[in-house]
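Have a look at the structure below, then the notes.
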Amino acid sequence: LNTYPRENFKLKRDLDFTGIPQSQIYISQIYGILDGENHSVSNISSGKRIIGNIETGGLIQNIQFNNITLQSVQNSGGNAVGIIQSTYGNIINVSVNNAKVIVNNINDKRIGILVGQSTYANITNSSINNSQIVINASLSSTDIGGITGYIADGNINNSYIYNLEIQANNVLVSCNIGGIVGNIHY
């Protein structure tokens with residue numbers, strides 16, 4: 001995927017990353033289509049993202065992410081945290097089960113389980129189940145949400161959250177926190 005980000009890809013089987021060095025699990029950007037064909041990607045413990053950006057015209061669909069732990073640390077690049085750090089493309093039929101996002105970086109401003117920051121994107125038929133966001137940093141002016149921390153000029157349709165826990169004991173003033181989305185901007 002990193003070598004040919006403008007191509008289209010299909011998963012032909014479930015991917016279990018148990019025992020795989022976590023620094024090797026990262027897709028920088030997607031311009032084409034990543035179709036999971038209803039397969040799962042499981043058991044990843046990584047930094048602040050698994051996929052960096054879904055670019056305009058890009059699409060990720062029909063995939064499950066299971067048992068995912070993301071942990072942001074100081075100076076870890078960008079200010080968004082999520083399985084997908086940011087998207088300008090579309091997300092259809094993506095589910096996340098048993099995820100945990102841990103934020104330790106005071107510079108993180110857009111935090112979500114599925115997407116940190118979403119702009120001009122449509123998120124459809126997607127879900128977050130049995131997941132948790134833990135804020136350990138003293139954050140201000142931050143957007144925190146289950147599906148996405150921040151969405152601008154986009155839509156979330158027919159999507160839901162089930163059993164989401166947000167622990168945000170250290171946030172300061174002007175933080176937007178929501179179950180589905182932290183901040184909607186139009």
Side-chain angles (χ1 to χ4, degrees), residues 1-5 7-30 32-54 58-74 76-78 80-87 89-105 108 110-118 123-137 144-149 159-168 179-180:
L1 287 168
N2 282 334
T3 305
Y4 302 102
E7 298 297 324
N8 300 326
F9 294 90
K10 292 183 179 183
L11 290 183
K12 293 299 184 181
R13 63 182 175 98
D14 293 341
L15 300 176
D16 185 345
F17 286 92
T18 301
I20 304 296
Q22 301 302 303
S23 62
Q24 298 177 13
I25 303 168
Y26 173 65
I27 300 167
S28 60
Q29 54 191 310
I30 295 173
I33 298 170
L34 174 58
D35 188 341
E37 293 194 330
N38 298 313
H39 291 287
S40 64
V41 175
S42 303
N43 302 310
I44 294 177
S45 181
S46 187
K48 59 181 9 179
R49 64 196 166 265
I50 295 171
I51 298 170
N53 299 302
I54 300 175
L59 169 66
I60 183 170
Q61 65 184 6
N62 306 321
I63 193 167
Q64 284 185 21
F65 291 97
N66 301 317
N67 305 316
I68 306 296
T69 300
L70 302 177
Q71 186 161 333
S72 75
V73 295
Q74 294 294 344
S76 54
V81 180
I83 290 173
I84 302 163
Q85 190 170 19
S86 66
T87 183
N90 294 312
I91 297 169
I92 301 171
N93 194 33
V94 174
S95 66
V96 179
N97 304 295
N98 303 310
K100 186 172 189 178
V101 173
I102 303 165
V103 178
N104 298 311
N105 183 353
D108 291 329
R110 309 261 163 85
I111 301 157
I113 299 283
L114 180 57
V115 180
Q117 177 174 309
S118 177
I123 300 171
T124 307
N125 298 333
S126 296
S127 64
I128 307 295
N129 300 288
N130 303 313
S131 295
Q132 183 179 37
I133 298 172
V134 178
I135 308 299
N136 293 325
I144 303 167
I147 290 182
T148 184
S159 297
Y160 68 91
I161 302 290
Y162 176 77
N163 196 24
L164 172 67
E165 178 184 358
I166 299 175
Q167 295 179 18
I180 292 177

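Start at 1 with the first residue, then count along the sequence. Below, all heavy atoms of this structure are taken into account, side chains as well, without hydrogens, waters or symmetry copies.
- With sequence neighbours left out, S127 forms a side-chain contact (heavy atoms from CB on, under 4.5 Å) with S95, N129, Y160.
- When every heavy atom of F9 is checked against every heavy atom of Y4, the shortest pair comes out as CE1-O, 3.4 Å.
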CA sep, side-chain torsions, deciding dist, call: D35, Q61, side chain to side chain donor-acceptor pair (under 3.5 Å): CA-CA 5 Å; D35 188 341; Q61 65 184 6; 3.1 Å; yes
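- Considering CD1 of I111 and CD1 of I102, their distance stands at 12.0 Å, rounded to 0.5 Å.
- Residues passing the side-chain contact (heavy atoms from CB on, under 4.5 Å) test with N53, sequence neighbours excluded: Q29, E55, S86.
- A donor-acceptor contact shorter than 3.5 Å links the side chain of S126 to the backbone of V94.
- I84 is listed as a side-chain neighbour of L114, based on a closest heavy-atom distance under 4.5 Å.
- Residues L59 and I92 meet the side-chain proximity criterion, which asks for heavy atoms closer than 4.5 Å.
- For the atom pair CD1 of I60 and CG of N93, the computed distance is 11.0 Å after rounding to the nearest 0.5 Å.
- Applying the side chain to side chain donor-acceptor pair (under 3.5 Å) rule to S28 yields the partners N2; only residues at least two apart in sequence or on another chain are considered.
- A search for side-chain contact (heavy atoms from CB on, under 4.5 Å) contacts involving T18 returns D16, N43, not counting sequence neighbours.
- Among residues two or more places apart in sequence or in another chain, the side-chain contact (heavy atoms from CB on, under 4.5 Å) test is passed with N98 by N67, N130.
- Considering all non-hydrogen atoms of both residues, A99 and I113 come closest at CB-CG2, 3.9 Å.
- Looking at I83 and V101, their side chains never come closer than 4.5 Å, going by heavy atoms from C-beta outward.
- A heavy-atom distance below 4.5 Å is found between the side chains of L11 and V41.
- Counting all heavy atoms, side chain and backbone alike, S72 lies closest to V103 at OG-CA, 3.4 Å.
- Considering CZ of F65 and CG of L15, their distance stands at 9.5 Å, rounded to 0.5 Å.
- For the pair K48/L70, no side-chain contact is recorded, criterion being any heavy-atom separation below 4.5 Å from C-beta on.
- Of the listed residues (I51, V115, T148), just one forms a side-chain contact (heavy atoms from CB on, under 4.5 Å) with T87, and that residue is V115.
- Side-chain atoms of N104 never come within 3.5 Å of backbone atoms of N136 as a donor-acceptor pair (strictly under, hydrogens ignored).
- Partners of E7 according to the salt bridge (charged side-chain N to carboxylate O under 4.0 Å, His left out) rule, which considers only residues two or more places apart in sequence or in another chain, do not exist here.
- The two residues N97 and N66 make their nearest non-hydrogen contact at ND2-OD1, 2.8 Å.
- Rounding to the nearest 0.5 Å places CZ of F17 at 8.5 Å from CD1 of I68.
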